Trainee: 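Structure below; questions to follow.
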Amino acid sequence: MNKIQTCHSCHSPQPVDWKAGDHCNNCGDVVREDVSCAWCTHAVPNQKFCRDCGFEMVEPQLFGVARMLKDSGIDKLSLASRVRDLEPDHVAHYKSLYNRHLAVLDNRIEELRLCEQFLIYKHYSRRLRDSYLAQIPFDEATMAHLKSGAEGPFQGREEKLIEVIERSPIAETKTLGLLASVFANEVNWDGDFIARREREITSLFTRSSNPDLLVECMAAFASGSMVRILMKEKQFPFLKGRFADRTKQFLDQHWHGLGQQARLRIAPFVVRLKDLEQLDPKLQHSIKTSLAQATNNQDEEVQFSAFVANQNGKELYTIIEKDPDAENAELAARIICESQFPNECAKLLRIAHAGLQKLAFTILYESQNNVFRVTHVDPKIAESAVQYLLEDSKQEFQHEALYMISQVPGFKQDVIRILQQVVEKSGSPDILVSALHGSGDEETSQAIIKELLRHDLNVEILKVLCFKSDKVNFGQDMIQKVIDFRLSDQYNLDDHRHLTAPIIQKQLQREDEGAYYMTRSVMNGLFLQHPQQMYEGIRFMWKDDPRQIYIDPLNGQVDKLHIDTAHLHRYFDSPADFARGFAEMLRGLGKDDSQRLMWQFRTFWKPFEEGWKDFVSSERSIQMIVAQGWIDLLHNTDLHEPSRALGVKALANIMPCLSGDKAKMVKDQLQEVPKISSTGSLGREIRTLCEMEFV
C-alpha cells in the first residue's frame with residue numbers, strides 16, 4: 001500500500017491514492033510539488049538540496065544533462081557546478097543523448113498511463129519511471145528490452161490495449177492492461193482473450209500479495225463484464241470458498257486504509273461476502289455506506305455495480321430503460337430473471353426488445369423446466385405470460401409462456417381458456433401442440449388432448465402425442481382417433497408408422513384405464529375395421545399369450561386381456577361382430593399368410609381355449625360363425641398342411657360345445673375337406689375328429 005502523505009502546509013493526512021500536484025483535502029493548498037533529484041533520482045520537494053541524499057539541486061531543465069555527467073564519473077559535490085559551467089552547445093549535446101534514452105522510457109510510461117485511466121490507482125506509471133530513471137543511460141540490453149513493446153502514441157487509444165497486453169516488455173504493465181481491459185467496453189475482445197483474462201484476473205486475486213492489485217481485481221470483479229464470471233463460477237450473488245476467504249482477509253487488514261475512490265469501486269464486490277454480518281459492526285457500516293454512495297455515483301459503471309450488489313430489481317431495470325442495447329442492460333435482465341423479481345420479470349416478458357425478451361423467456365422457462373426447481377414463478381410473472389399469449393401476434397415464445405403458466409398453482413385452470421382464445425384467433429392447433437409438449441401436469445395435459453380432438457391429426461400432433469404417450473392417459477376418444485387415423489387412407493406407412501406404433505405400445509404399457517381403452521380399440525381395429533393394417537401395428541406387441549394388463553374403468557379393478565363371454569362384451573359393442581371378424585380373418589388366406597395365421601392362433605386362440613368354450617357355449621348365434629371360419633381354413637388348399645391343421649385343433653376344442661345338429665353339420669363339411677394326400681397327417685386328424693362323439 002502507499003505511504004500516507006501529509007500536507008506540507010497543514011500536515012493533514014491525505015488519501016492513499018494521493019499523487020503529486022493534488023490539492024489538500026483540508027486546506028486546499030497543493031500538498032507537495034515534487035521534482036527529481038539529479039543524483040539519487042528520488043522525487044523530492046523543489047528545494048535547494050535533496051532531502052534524501054543532500055545533493056545540491058539543479059534546475060529541472062538540466063536534470064538530463066546532470067545525469068549524463070554523473071554517468072561519466074563526476075563526483076557528487078562537483079556535479080551541480082560543472083553542469084552550470086557547461087557551454088550551451090555542450091548542454092544541448094548532453095540533452096540530446098539523454099533524451100534518446102528518456103524517449104524509450106516515456107513510451108513505456110505512456111502505455112502504462114493508458115491502463116491507468118481505467119484503474120483506481122494512478123501511481124503505477126510514476127513507480128515505473130522511478131525504477132528506470134536512475135538507469136539512464138541504459139545499457140544495450142536494457143535499451144533493447146524497453147524498445148521491444150508497442151509504440152505510442154497511446155493517449156485516448158483504447159484499441160491499443162490489446163497490443164499493450166500482448167507485447168509490453170513490462171510484466172506489471174501486461175497485468176494492469178488486463179485489468180484495464182475489463183472497463184474498456186468499446187474494444188471488441190475475442191473469446192480466447194476473454195477466457196484468458198478471466199483466468200489471469202482470478203489467479204491474481206487469489207494469489208497476489210500486493211494489496212493495490214487486490215483492490216484493482218475487486219473493482220474488476222464488481223464490473224458488469226466480470227459479474228458474469230462470478231455467476232459462472234457460482235460466486236454470485238454471494239462469495240464462497242477461496243473468494244470469500246481472500247476477501248475477508250483483505251477487509252480485516254486493509255479496508256480502513258483505502259481512499260474513498262477505492263472504497264466506492266470495490267464496495268459492490270466485498271458486500272457480497274456471505275459472512276459479511278460476522279465482521280466488525282463498524283467495518284460493516286463503512287462498507288454499506290460506500291455501497292450507498294456508489295449507488296448515487298455519477299460513474300455509470302460504478303452505479304451499475306452497486307445496483308447489481310443491491311439485488312434490487314427496480315434499480316436494475318433503470319439500466320435497461322436507459323439503454324436496452326447496452327451490454328449492462330443484458331446483464332441486468334439476466335440477473336432480474338435469475339432472481340425472479342416479479343414486476344421487472346413481467347415487464348421483460350413483454351418488452352419491445354427482441355433480445356431481452358428472448359433472454360427473459362429462456363431463463364424463466366429453464367428455471368421451471370429444472371428438476372432442481374425451488375419454486376414456481378410468481379403469479380405476476382405468470383399473468384404477464386398470459387397477456388403475452390393473448391396480445392402478441394408473433395407468438396414466438398408460446399411454448400415457454402404456456403409451460404410457465406401451466407406450472408403455477410392457480411393458473412392451470414386458465415391454460416385451456418387461453419389456448420382456446422389463441423386457437424380461435426389463429427385457427428391453428430400449433431399452440432396446443434406446444435402447450436402439450438411443455439405441460440408437466442397430467443390433468444392439464446389431458447385437457448389439452450381433449451382440445452386437440454377438434455383437429456385432424458397431422459405429423460406435428462402425432463409427434464407430441466408420441467412424446468407424451470408414456471406420461472399421460474390419452475382417454476378413450478383420442479385413443480380411438482389415433483387408431484382410426486392408422487386405419488384410414490391418410491395413414492402413410494413410411495411417414496406415420498414410427499409415430500403411431502409407439503403411441504399404441506406406450507399407452508398399452510401404462511396398465512391403467514388408458515391401457516384398457518387402447519386394448520379395446522386395438523381389438524376393434526384388428527377384427528372389425530382393417531385387420532391387415534392393425535396386424536402390422538400390433539403383431540410384435542401381442543404374441544404367444546399376450547399378458548396385457550389394464551384397469552377396467554367400469555369397476556376400477558385391475559384386469560388383463562382375455563377371450564371369453566364377459567370380456568368380449570366389454571371389448572365389442574356386439575360379440576357377434578367379433579366372431580364374424582375373427583372368422584373373416586381365417587378366410588381367403590394365401591400361402592404368404594401362414595405367419596399371420598400362426599400369430600392369430602397363438603395370440604387369440606391357444607392361450608384362451610377355455611374362454612372360447614365359454615363364449616361358444618353361451619353365444620349360440622355365433623357357434624357356426626366361428627366353426628365355419630375354421631372349416632373354410634381347412635378347405636383352403638393355398639395353405640400348407642401344418643397351417644390348415646390349426647383348424648382341426650381349434651374345432652376339436654369347441655365342437656363339444658356345439659349342439660348335436662351343429663356338430664353334425666361340421667362333420668359333414670369336414671368330410672369334404674380336400675386332402676393333400678390320402679396318407680397325410682391332416683387327413684388322419686380330420687378322420688379322428690369326425691369319429692368323435694359329442695353329447
Side-chain angles (χ1 to χ4, degrees), residues 2-3 5-9 14 18-24 29-114 116 122-149 151-155 168-170 172-173:
N2 293 337
K3 180 181 178 182
Q5 174 67 37
T6 58
C7 176
H8 79 98
S9 178
Q14 302 302 305
W18 167 90
K19 62 182 183 295
D22 283 355
H23 292 268
C24 175
D29 194 5
V30 174
V31 175
R32 192 182 84 200
E33 185 175 358
D34 287 347
V35 294
S36 296
C37 169
W39 185 264
C40 67
T41 69
H42 292 177
V44 295
N46 191 9
Q47 299 169 358
K48 186 173 183 179
F49 295 98
C50 174
R51 71 173 186 182
D52 288 350
C53 70
F55 175 70
E56 181 183 359
M57 302 287 283
V58 298
E59 291 81 351
Q61 64 269 25
L62 296 175
F63 174 83
V65 178
R67 292 299 297 168
M68 296 305 291
L69 291 179
K70 177 182 182 297
D71 185 65
S72 66
I74 297 176
D75 64 273
K76 185 177 182 179
L77 295 177
S78 306
L79 181 58
S81 60
R82 291 289 297 273
V83 170
R84 295 188 189 99
D85 291 342
L86 286 176
E87 295 295 329
D89 56 342
H90 286 131
V91 170
H93 174 66
Y94 285 122
K95 277 187 177 182
S96 176
L97 292 176
Y98 181 82
N99 288 341
R100 186 169 66 88
H101 294 261
L102 182 63
V104 174
L105 177 59
D106 282 344
N107 192 62
R108 298 280 72 82
I109 292 170
E110 286 304 311
E111 72 173 356
L112 191 46
R113 284 176 179 162
L114 171 63
E116 282 179 336
K122 313 297 182 184
H123 59 259
Y124 304 108
S125 57
R126 181 63 180 263
R127 191 166 64 197
L128 178 68
R129 182 178 185 276
D130 291 346
S131 66
Y132 277 96
L133 197 62
Q135 299 181 44
I136 297 178
F138 301 126
D139 57 40
E140 291 184 6
T142 303
M143 192 72 164
H145 174 69
L146 294 177
K147 289 182 70 174
S148 62
E151 292 292 332
F154 295 96
Q155 185 176 1
S168 178
I170 311 299
E172 184 183 50
T173 302

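Source: prediction; values computed, not measured.
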Trainee: Got a second to check how far K122's NZ is from L112's CG, nearest 0.5 Å?
Mentor: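 Rounded to the nearest 0.5 Å, the NZ-CG separation comes to 11.0 Å.
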
Trainee: Starting at CD of E151, measure out to CG of N107 and round the result to the nearest 0.5 Å.
Mentor: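 Those atoms lie 4.5 Å apart.
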
Trainee: For a quick check under 3.5 Å, do E111 and S168 share a side-chain donor-acceptor pair by atom type?
Mentor: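 Checked: E111/S168 side chains pair up, N/O donor to acceptor below 3.5 Å.
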
Trainee: Rounded to the nearest 0.5 Å, how far apart are CD1 of I136 and CG of L102?
Mentor: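 I136 atom CD1 to L102 atom CG measures 5.0 Å (nearest 0.5 Å).
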
Trainee: What residues, two or more places apart in sequence or in another chain, satisfy salt bridge (charged side-chain N to carboxylate O under 4.0 Å, His left out) together with E110?
Mentor: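 By the salt bridge (charged side-chain N to carboxylate O under 4.0 Å, His left out) rule, E110 matches R113.
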
Trainee: Taking the side chain as every heavy atom from C-beta outward, state whether Y124 and I170 have any atom pair closer than 4.5 Å.
Mentor: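 Sidechains of I170 and Y124: no contact.
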
Trainee: Residues two or more places apart in sequence or in another chain: which of them pass side-chain contact (heavy atoms from CB on, under 4.5 Å) with H42?
Mentor: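 Expected list: C40, V44, D52.
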
Trainee: Restricting to salt bridge (charged side-chain N to carboxylate O under 4.0 Å, His left out), what partner residues turn up for D130, sequence neighbours left out?
Mentor: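 Salt bridge (charged side-chain N to carboxylate O under 4.0 Å, His left out) check on D130 returns R126.
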
Trainee: Report yes if some heavy atom in the side chain of M57 is under 4.5 Å from a heavy atom in the side chain of Q47; otherwise report no.
Mentor: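 No, too far: nothing below the 4.5 Å cut-off.
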
Trainee: So which pairs with a foot in residues 74-87 pass salt bridge (charged side-chain N to carboxylate O under 4.0 Å, His left out), sequence neighbours left out?
Mentor: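 Those involving residues 74-87 are E56-R84.
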
Trainee: Measure the spacing between CG of L69 and CG of L86 and express it to the nearest 0.5 Å.
Mentor: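 Going from CG on L69 over to CG on L86, the span is 5.5 Å.
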
Trainee: Under 6.0 Å from the CD atom of Q155, do we count more than 12 heavy atoms belonging to anything else shown?
Mentor: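 Atom CD in Q155 is not packed in, count stays at 12 or less.
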
Trainee: So how far is it from H145 NE2 to D139 CG, rounded to the nearest 0.5 Å?
Mentor: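 H145 NE2 to D139 CG: 11.0 Å, rounded to 0.5 Å.
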
Trainee: Tell me, please, which residues at least two apart from L97 pass side-chain contact (heavy atoms from CB on, under 4.5 Å).
Mentor: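 L97 satisfies side-chain contact (heavy atoms from CB on, under 4.5 Å) with M68, H93, Y94 only.
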
Trainee: Taking only residues two or more places apart in sequence or in another chain, which ones pass side-chain contact (heavy atoms from CB on, under 4.5 Å) with A92?
Mentor: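 For A92, no residue satisfies side-chain contact (heavy atoms from CB on, under 4.5 Å) once neighbours in sequence are set aside.
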
Trainee: So how far is it from F63 CZ to S36 OG, rounded to the nearest 0.5 Å?
Mentor: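 Output value for this atom pair is 5.0 Å.
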
